[in-house]
2 protein chains.
Amino acid sequence: MGQSDPVMTTVCCGAQVACDQCDARDLAVCAVLDEDELRRFSAAATTARLEAGQTLFHEGEPADEMFSLTEGMIKLYKLLQDGRRQITGFLVAGDFLGLAFGRTYVYSAEAVTPVRLCRFRRAVFLRLLEEMPHLERNLLGRASSELAAAQEQMLLLGRKTARERLATFLLTIAERQRRTDSEPVDLLMSRSDIADYLGLTIETVSRTLSTMRRLGAIALDGTSRVYIPDREALRTIAGVG
Amino acid sequence: MGQSDPVMTTVCCGAQVACDQCDARDLAVCAVLDEDELRRFSAAATTARLEAGQTLFHEGEPADEMFSLTEGMIKLYKLLQDGRRQITGFLVAGDFLGLAFGRTYVYSAEAVTPVRLCRFRRAVFLRLLEEMPHLERNLLGRASSELAAAQEQMLLLGRKTARERLATFLLTIAERQRRTDSEPVDLLMSRSDIADYLGLTIETVSRTLSTMRRLGAIALDGTSRVYIPDREALRTIAGVG
DNA sequence: GGGTCTCATTGACCCACGTCAAGTTTCATG
DNA sequence: CATGAAACTTGACGTGGGTCAATGAGACCC
């Protein structure tokens, strides 16, 4: 029980990660746990890694596991039978996924970049949830924020123009990366992912970004590095204060 | 403490409602409370009524109260400055609204039909939440389902055609009203509400319903009563199994 | 350095849905 | 049962963004 013992997760895929040197230690659900809780929590977890493009799980599969993302980016999406895809969110370090009280996953999850995650058996996690009220409160808070973000996205998908969608998207990413106006933003995901997130086609995304560049609202360095010289101007385009 | 005492909520607007004769008793969050908890819970609540069209709260206002809808229908929506509106959901008896860990409401809420609700001061409700783990679990389950519904709606708004949107909408309502194929479905909300929920215009909603009627996929009685002769056929149109 | 593969950009054209403008139905009210 | 007023439907037409196709730009590999 010495305070200096690193809390270790079970070895998996050759990757052994100590919670106290985990990038997401202060971002993820485990941030609300005390030392003893963290010990039990991490004992229940295994770690996993995925390469970019690998699938974590598919919509409709039995929801036997839940995950906490510690590194990298994951996209969540739903498909229609003919292949039309809607990306419902991009998750980053600290985000939790797979929480399902139903029996199956309601979306698919795929790595955008290489990722690391903590992995929990569903039943084990639900037991921990009952033992740790902090944890449950934290998850409720997360669910509540995600819901607010989902509603914001419905407004975007239902009522905004292509230009407003792109402006909103860039601002959201810029705020998430906490950069100043002069620093560039890294998109990480492809045009195809952006299109499927914003309810557009890759051509429209490309054209709209080009137009914004021509107008001086943004500058592009390569395909995924974006400079936003004046966020306030972009906010005006985004149609939201 | 006699078991036969009806649990009463505080009088408000002249409406006095006993929990044990409340329509939503088995649907709402209070369904998970034991008798003692219910007593404390209802002691913390007042009841309220709204006429159709009245606003419960506006996006951006301080989120000082939370509500449990016991009767009628409420719509949630967000606005852009120029008046474009996106309805993010229709709530019915048993649904909870106003849960916000942030300081302000992130959407507006307005009565579609006359409604009754239980009303809680935010601080009081959050205290009850800490005392009643069942309640917290129930809210987490609700938030989780709402999130799944929101993702389904993103798929609809981002990727479905007008016809698919209407078919999906009608099926969702039919399932919510738990009617058989031969019984009609009551829409309750206006074409304008349907349009703003599905990311369309009222003209497109009207035209699409007319086309579906001409094709025999639905029959209309007045403007808000819809017969669905063959749900499976509508499911095919909706583009989802 | 050249070949190839993938992803992004750009152009030409098209169509589903939006806009604008009449009708028409419904329903509340005297 | 008239009389509005609001809600809904229908038609004619316009357009934002989709589709299809060609071109360009990296990245990777031999």
Side-chain angles (χ1 to χ4, degrees), chain A residues 51-53 75 80 82-87 112-114 156-170 186-215 218-226 237 239, chain B residues 51-53 75 80 82-87 112-114 156-170 186-215 218-226 237 239:
Chain A
E51 292 308 312
K75 63 189 174 206
L80 296 174
D82 63 5
R84 279 174 289 170
R85 181 178 70 157
Q86 180 64 41
I87 292 180
V112 174
T113 65
L156 179 148
L157 293 170
R159 290 300 180 215
K160 291 190 182 180
T161 65
R163 182 175 299 190
E164 289 168 339
R165 293 181 199 204
L166 260 304
T168 305
F169 174 68
L170 292 175
D186 275 312
L187 295 186
L188 301 181
M189 71 290 286
S190 68
R191 292 289 184 271
S192 169
D193 284 347
I194 297 173
D196 284 347
Y197 180 58
L198 299 180
L200 301 169
T201 59
I202 49 175
E203 293 92 333
T204 298
V205 169
S206 186
R207 266 189 265 272
T208 306
L209 287 177
S210 296
T211 305
M212 291 170 95
R213 179 171 48 68
R214 246 174 278 123
L215 294 174
I218 60 170
L220 294 166
D221 173 11
T223 68
S224 92
R225 187 166 286 250
V226 183
I237 296 176
Chain B
E51 292 308 312
K75 64 189 174 205
L80 295 173
D82 62 6
R84 279 174 288 171
R85 181 178 72 156
Q86 180 64 39
I87 292 181
V112 174
T113 65
L156 179 148
L157 293 170
R159 290 298 179 219
K160 292 190 181 180
T161 65
R163 182 175 299 190
E164 290 167 339
R165 293 182 200 203
L166 260 305
T168 305
F169 175 67
L170 292 175
D186 275 311
L187 295 186
L188 301 181
M189 72 290 288
S190 68
R191 293 289 184 270
S192 169
D193 284 347
I194 298 173
D196 284 348
Y197 181 58
L198 299 180
L200 301 169
T201 59
I202 49 175
E203 292 93 333
T204 297
V205 169
S206 185
R207 264 190 266 271
T208 305
L209 287 176
S210 296
T211 304
M212 292 170 94
R213 179 173 46 70
R214 246 174 278 127
L215 294 175
I218 59 171
L220 294 166
D221 173 10
T223 67
S224 92
R225 187 167 288 250
V226 183
I237 296 176

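Order of the sequence lines sets the chain letters (A, B, ...), proteins ahead of strands, with each chain counted from 1. Here the structure is a predicted model, which means the values were calculated and not measured.
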How many whole angstroms separate atom CG of B:Leu166 from atom P of D:dT9? 11 Å
Side-chain contact, heavy-atom cut-off 4.5 Å: B:Arg213 with B:Val226? no
With DNA chain C as reference, determine whether A:Val205 or A:Arg159 sits nearer its 5' end, using the nearest nucleotide of each. A:Val205
Counting N and O atoms only, with roles assigned by atom type, does the side chain of B:Arg163 sit under 3.5 Å from a partner on the main chain of B:Leu209, one being a donor and the other an acceptor? no
Atom pair CG/CG of A:Leu166 and A:Leu198 - distance to nearest 0.5 Å: 6.0 Å
Which residues, if any, of residues 207-214 of chain A bring a heavy atom under 4.0 Å of DNA chain C? A:Arg207, A:Ser210, A:Arg213
Please determine whether any donor N or O and acceptor N or O are separated by less than 3.5 Å between the side chain of B:Glu203 and the base of D:dC8. no
Just how far, in rounded Å, is P of D:dA25 from CG of A:Leu220? 14 Å
Value in whole Å for how far the P atom of D:dC8 lies from CE of B:Met189: 11 Å
Looking at B:Asp196 and B:Arg85, what are the two nearest heavy atoms and their distance? OD2-NE, 2.6 Å
B:Arg191 CZ - D:dT10 P separation (whole Å): 10 Å
Range on DNA chain C touched by chain A - first to last nucleotide, heavy-atom distance under 4.0 Å: C:dA8 to C:dA12
When the C1' atoms of the five terminal pairs at each end define the local axes, what inter-axis angle does the helix from C:dG1-D:dC30 to C:dG30-D:dC1 show, to 10 degrees? 40°
Looking only at heavy atoms, the pair that brings A:Gly199 and A:Arg165 closest together is O-NH1, 3.5 Å
Side chain A:Thr208, main chain A:Thr204, donor-acceptor under 3.5 Å: yes
Point-to-point distance, once rounded to the nearest 0.5 Å, from CZ of A:Arg191 to OG1 of A:Thr201: 12.5 Å
Minimum-distance pair of heavy atoms, taken over all atoms of B:Ile237 and B:Ala167: CG2-CB, 3.8 Å
Tell me: CG of A:Leu156 to P of D:dG17, nearest whole Å? 12 Å
Would you classify B:Ser206 as touching base, sugar-phosphate or nothing, given that sugar-phosphate means primed atoms plus P, OP1 and OP2, and contacts are heavy atoms under 4.0 Å? base
Quick one: closest heavy-atom pair of A:Met189 and A:Phe169, and the distance? SD-CZ, 3.9 Å
Would you say the side-chain atoms of A:Arg159 pair up with the backbone N or O of B:Leu200, donor to acceptor, closer than 3.5 Å? yes
Distance, nearest 0.5 Å, that separates CD1 of B:Ile194 from CD1 of B:Ile87: 9.5 Å
Just call it for B:Ile202: base, sugar-phosphate, or nothing, with non-hydrogen atoms closer than 4.0 Å on any strand. nothing
